[in-house]
Colleague: 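Pasting a structure here, questions to come.
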Amino acid sequence: MTAVALAATLTSASVVHAMDAAALKGEAVSVVKSFGGPLKMALQEGMKNGGPVNAIAACNEKAPEIAAAASAKSGWSVGRTSLKLRNPHNEPDAWEQKVLQQFEDRKAAGESPDAIAFGEVVEMDGKKQFRFMKAIGTADLCLNCHGSDIKAEVAAKLDGLYPGDQARGFSKGDIRGAFTLKKDL
Ligand code: HEC
């Protein structure tokens with residue numbers, strides 16, 4: 001192959017690659033919505049039907065169920081993670097930890113959590129995966145269970161379920177964590 005032909009092949013390969021990454025990112029964004037939407041509804045319904053003590057069940061039981069359903073439906077692996085965890089099962093791996101740290105840096109530089117996301121192709125154990133994360137901001141509603149001024153009965157229930165809970169002391173507008181998705185390529 002001549003140098004020119006080789007260069008042309010490489011260019012078209014990287015263009016296709018960029019298009020694939022854009023398509024995967026679009027797919028990931030819609031999977032995030034199929035997880036985050038029902039989750040927020042379950043939380044709001046729980047709050048309406050008995051306040052935060054009752055709504056803890058929405059997060060405790062329904063979040064993993066909704067994540068599993070969104071994963072099964074989409075073919076992506078879907079979850080949530082954070083640098084300050086409530087449920088130790090949501091612990092970030094090295095890639096997630098690095099991205100969460102970058103999200104904090106981007107927020108410190110002025111970006112709004114709602115606009116912060118990142119995706120890339122990575123190689124894990126010789127296999128290619130597309131991984132994607134989207135930041136989750138902290139709203140007023142979240143402070144009932146993740147803020148600094150949590151009602152005693154809510155704190156007692158959280159203490160019982162999550163003895164090592166680190167996910168308190170957040171303020172409105174902080175990055176509470178992120179949706180994290182991956183798909184084998
Ligand atoms: C009624 C209490 C309650 C409210 C309100 C609440 N959460 Fe949570 N949150 C929980 C519980 C309980 C868990 C642990 C869920 C589990 O066991 O998977 C959790 C876990 C999380 C996690 C997963 C990471 C981790 O720490 O384990 C994120 C991210 C999160 N919440 C974000 C939010 C956001 C954003 C809001 C507001 C829109 C919110 N939460 C409102 C109780 C609550």
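Counting starts at 1 for both ligands and their atoms, following the listed order. Just so it is clear, the values below take in all heavy atoms, side chains as well, and ignore hydrogens, waters and symmetry mates.
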Colleague: Between Lys172 and Asp140 (salt bridge meaning N to carboxylate O under 4.0 Å), is one present in this structure?
Modeller: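 Salt bridge present between Lys172 and Asp140.
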
Colleague: Against heavy atoms of Asn90, which atoms of ligand 1 measure under 4.0 Å?
Modeller: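 Numbered from 1, ligand 1 contributes 18 (O), 23 (C), 24 (C), 25 (C), 27 (O).
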
Colleague: Side-chain contact test, heavy atoms from C-beta onward, threshold under 4.5 Å: evaluate it for Phe103 versus Glu111 and give yes or no.
Modeller: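 Side-chain contact under 4.5 Å: no.
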
Colleague: With a 4.0 Å cut-off on heavy atoms, is Ala139 in contact with ligand 1?
Modeller: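 Ala139 does not count as a contact of ligand 1 under the 4.0 Å cut-off.
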
Colleague: So does Lys98 pair up with Asp93, basic N to acidic O under 4.0 Å?
Modeller: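 Salt bridge flag = no for Asp93 with Lys98.
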
Colleague: Between Leu143 and Phe170, which heavy-atom pair has the shortest distance, and what is it?
Modeller: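 What the structure gives for the nearest pair is CD2-O, 3.4 Å.
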
Colleague: Judged by non-hydrogen atoms, does Tyr162 sit under 4.0 Å from ligand 1?
Modeller: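 Checking ligand 1 against Tyr162, which is what was asked, there is a heavy-atom contact under 4.0 Å.
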
Colleague: Within the 4.0 Å heavy-atom shell around Ala55, which atoms of ligand 1 are there?
Modeller: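 Those qualifying, in numeric order: 1 (C).
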
Colleague: Taking 2.8 Å as the upper limit, name the protein N, O or S atoms near atom 8 (Fe) of ligand 1.
Modeller: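 Near atom 8 (Fe) of ligand 1, below 2.8 Å, one finds His146 NE2.
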
Colleague: Give the other cluster members for Met41, using side-chain heavy-atom distances under 4.5 Å between Ile, Leu, Val, Met, Phe, Trp and Tyr residues; answer none if it is isolated.
Modeller: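 Other cluster members: none.
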
Colleague: Could you tell me, atom by atom, which parts of ligand 1 come under 4.0 Å of a heavy atom of Leu85?
Modeller: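 Counting from 1, the qualifying ligand atoms are 25 (C), 26 (O).
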
Colleague: Give the minimum heavy-atom separation between Cys145 and Ile56, together with the two atoms involved.
Modeller: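 Answer, listing the atom of Cys145 first, then Ile56: SG-CG1, 4.4 Å.
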
Colleague: Please could you name the atoms of ligand 1 that Ile136 approaches to less than 4.0 Å, counting only its heavy atoms?
Modeller: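 With Ile136 as reference, the close atoms of ligand 1 come out as 29 (C), 35 (C).
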
Colleague: Please say yes or no: joined through hydrophobic side-chain contacts below 4.5 Å, possibly via intermediate residues, are Leu181 and Ile66 part of one cluster?
Modeller: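 Linked, Leu181 and Ile66 end up in one cluster.
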
Colleague: Taking Asp159 first and then Arg168, would you say they form a salt bridge - that is, a charged N and a carboxylate O separated by under 4.0 Å?
Modeller: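 Yes, this pair counts.
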
Colleague: Without swapping roles, check the side chain of Arg131 against the backbone of Lys183 for a donor-acceptor pair under 3.5 Å.
Modeller: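 Judged by distance alone, no pair lies under 3.5 Å.
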
Colleague: Against ligand 1, does Leu141 come closer than 4.0 Å with any heavy atom?
Modeller: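 Judged by the 4.0 Å heavy-atom criterion, Leu141 does count as contacting ligand 1.
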
Colleague: Donor-acceptor pair, distance only, cut-off 3.5 Å: does the side chain of Arg176 make one with the backbone of Lys84?
Modeller: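 Yes, Arg176 side chain to Lys84 backbone: donor-acceptor pair under 3.5 Å.
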
Colleague: To which protein heavy atom is atom 30 (C) of ligand 1 closest, and what is the distance rounded to 0.1 Å?
Modeller: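 Sorting protein heavy atoms by distance from atom 30 (C) of ligand 1 puts Arg80 NH1, 3.2 Å first.
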
Colleague: Quick one: does Gly137 get within less than 4.0 Å of ligand 1, heavy atoms only?
Modeller: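 Distance cut 4.0 Å: Gly137 passes for ligand 1.
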
Colleague: Could you identify the single nearest non-hydrogen protein atom to atom 18 (O) of ligand 1 and state the distance to 0.1 Å?
Modeller: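 Atom 18 (O) of ligand 1 sits closest to the protein heavy atom Asn87 ND2, 3.4 Å.
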
Colleague: Would you check if the side chain of Thr81 reaches a backbone N or O of Asn90 as a donor-acceptor pair within less than 3.5 Å?
Modeller: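 Looks like yes, one N/O pair under 3.5 Å.
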
